[in-house]
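The first residue of the sequence shown is numbered 1, and numbering continues consecutively from there.
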Amino acid sequence: MRLIRVDPARNIHRWYVVGVQATLLDTWAVVCGWGSLRTRYERWRIIPCADEAQARWLAEQITARKRRRGYRVG
């Protein structure tokens, strides 16, 4: 899921991506990426999970937290 937060008054132009995928080393993982809409800055993080259900639950928790902080689906 791709989330965007834009607030020109506070100079905020950010994106955040959350996804669930199978991996070679661990069974499942949550992949998170974030960065700036104005520059080429971006970072990525992989969070290993025991199974698909746990990975989907964690992705939903991360998405809900970002939406509470002002991110919108975009």
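For the atom pair CD1 (Ile47) and CD1 (Ile62), the distance works out to 4.0 Å, reported to the nearest 0.5 Å. A distance of 11.0 Å separates CD1 of Ile12 from OG of Ser36, quoted to the nearest 0.5 Å. Residue Tyr41 holds its OH atom at 7.0 Å from CH2 of Trp34, rounded to the nearest 0.5 Å. Between Leu37 atom CG and Arg5 atom CZ the span is 12.0 Å, to the nearest 0.5 Å.
Cys49 places a side-chain heavy atom less than 4.5 Å from the side chain of Val30. Between Arg14 and Ile4 the shortest side-chain heavy-atom distance does not fall below 4.5 Å. Between Trp44 and Cys32, every side-chain heavy-atom pair lies at or beyond the 4.5 Å cut-off. A 4.5 Å side-chain heavy-atom check between Met1 and Val17 finds every atom pair outside the cut-off.
Applying the side chain to side chain donor-acceptor pair (under 3.5 Å) definition to pairs two or more places apart or across chains, those involving residues 56-67 are Glu52-Arg56. Residue pairs meeting the salt bridge (Lys or Arg N to Asp or Glu O under 4.0 Å) criterion with at least one member in residues 33-51, sequence neighbours excluded, do not occur.
With hydrophobic clusters built from ILVMFWY side chains whose heavy atoms lie under 4.5 angstrom apart, Val73 shares a cluster with Tyr16. The same ILVMFWY cluster, assembled from side-chain heavy atoms under 4.5 Å apart, contains both Leu58 and Val18.
Not counting sequence neighbours, Gln54 has no partner by the side-chain hydrogen bond (donor to acceptor under 3.5 Å, both in side chains) test.
Among all heavy-atom pairs drawn from Thr23 and Ala29, the shortest one is CG2-CB, 3.6 Å.
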